[in-house]
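See below for the structure under consideration.
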Amino acid sequence: MKHLVSIDNLADDEIHQILTLAESFDQVLDRPVKKIPLLKNRTVALVFAEPSTRTRVSFELAAKRLSADTITMTGTGSSLVKGESLEDTALTLKQLFMDCLVLRHSEEGAAERVASLNLFPVINAGDGKHEHPTQALLDAYTMVKYTGGVSGKRIAVIGDVKHSRVAGSNVKLFRRMGATVYFVAPPYFLPQTLPDGVQLIEDIDTAMGECDILYFLRIQKERLSGEEKVDFNGFREKYALTADRLEKLPGHCYIMHPGPVNRGVELDGEAVLHPRSLINLQVRSGVAVRMAILAFIMHGGVHSLEVSY
Ligand code: NCD
């Protein structure tokens, strides 16, 4: 049984297959009839025990575009709040004929725990500050589609790297696809040890001169332990994409952010709709890429797929 808990679960050729498949699904989404019957009679459970807009809606839409049925559970509306364990919730969903579980949870390792039961394929939609592999795949896809590729790119990951599961998956994927990754963050937002091959850049002004992609992260206030003494003014001075800086954005730089954006903190509102911003295109890519992931995980590989309906 194939799970997607971490980017490490995918071989290079599988990453390539998912991105290629996403391209076909992207074309399906441009058609007047946006649905194909690939996952007809299958049911996807979307369990989101933590807040989500983009990831939840795009997964639900992706499943529906593939003709699967969906069941959505949120943290507050499920027995998880009554003290039911995640394992028991998963067993229950198995008895209720679910064929796949998409899980977002605040604990690192939650998706792995459920995946190890091998009840159905599990797709990690974010576990604590560990990983968010489907975000990494949609970001890579966006870069391939709109910037010409990931290989050879210099990518600055800026802001609260320490608490970011997006950084956890994206750094792995970007490096595997041939990019050079830099962190641009104050010491209190850096992990204790830098991942292999990742270098530091002092501030955003230097990153704007040296990098092709400025990938911003939200300050994950809900994950701050209280030990980090966040100096919001100092942070803005050295690491935020302010309206002033945006005016000096070099022509080779693209702006990315997984959302949700905290306008006025890591970037100013003007940056979201700037011509060099890919932020809304990242959201759009989410549906096609998650269709590809569901098809890949639930349909046993791309070799057996017919997408030209
Ligand atoms: C991220 C998440 O939830 O991990 N958002 C997302 O899925 N698009 C990033 C964040 O919450 O800042």
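First listed ligand is number 1; within each ligand, the first listed atom is number 1. None of these values were measured; they are calculated from a predicted model.
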Short N-O contact, Lys153 and Asp212, less than 4.0 angstrom:
no
Starting from atom 8 (N) of ligand 1, which protein heavy atom do you reach first, and at what distance in Å?
Pro258 O, 2.9 Å
Using side-chain contact (heavy atoms from CB on, under 4.5 Å), reason through Asn170 and Val157 one step at a time and then give a plain yes or no.
CA-CA 9 Å; Asn170 285 33; Val157 179; 6.0 Å; no
In ligand 1, the atoms that come under 4.0 Å of a heavy atom of Gln135 are 6 (C), 7 (O), 8 (N)
Measuring from atom 3 (O) of ligand 1, which candidate in Lys221, Arg165, His132 has the nearest non-hydrogen atom?
Arg165
Is the Lys NZ or Arg CZ of Arg104 less than 6.0 Å from the centre of Phe48's six-membered ring, within 45° of the axis?
no
When rounded to the nearest 0.5 angstrom, what distance separates CE in Met98 from CG in Leu93?
6.0 Å
Taking the side chain as every heavy atom from C-beta outward, state whether Ser116 and His3 have any pair of such atoms under 4.5 Å apart.
no
Distance filter under 4.0 Å to Arg104 heavy atoms, resulting ligand 1 atoms:
2 (C), 3 (O), 7 (O)
Going by an N to O cut-off under 4.0 Å, is there a salt bridge joining Glu108 and Arg223?
no
Indicate yes or no: does an N/O atom of Arg218 lie under 3.5 Å from an N/O atom of ligand 1?
yes
Between ligand 1 and Gly259, can you find any atom pair, the residue atom being a heavy atom, that is separated by under 4.0 Å?
yes
Would you check whether Pro260 reaches within less than 4.0 Å of ligand 1, judged by its heavy atoms?
yes
Heavy-atom contact check, 4.0 Å cutoff: does Glu50 meet ligand 1?
no
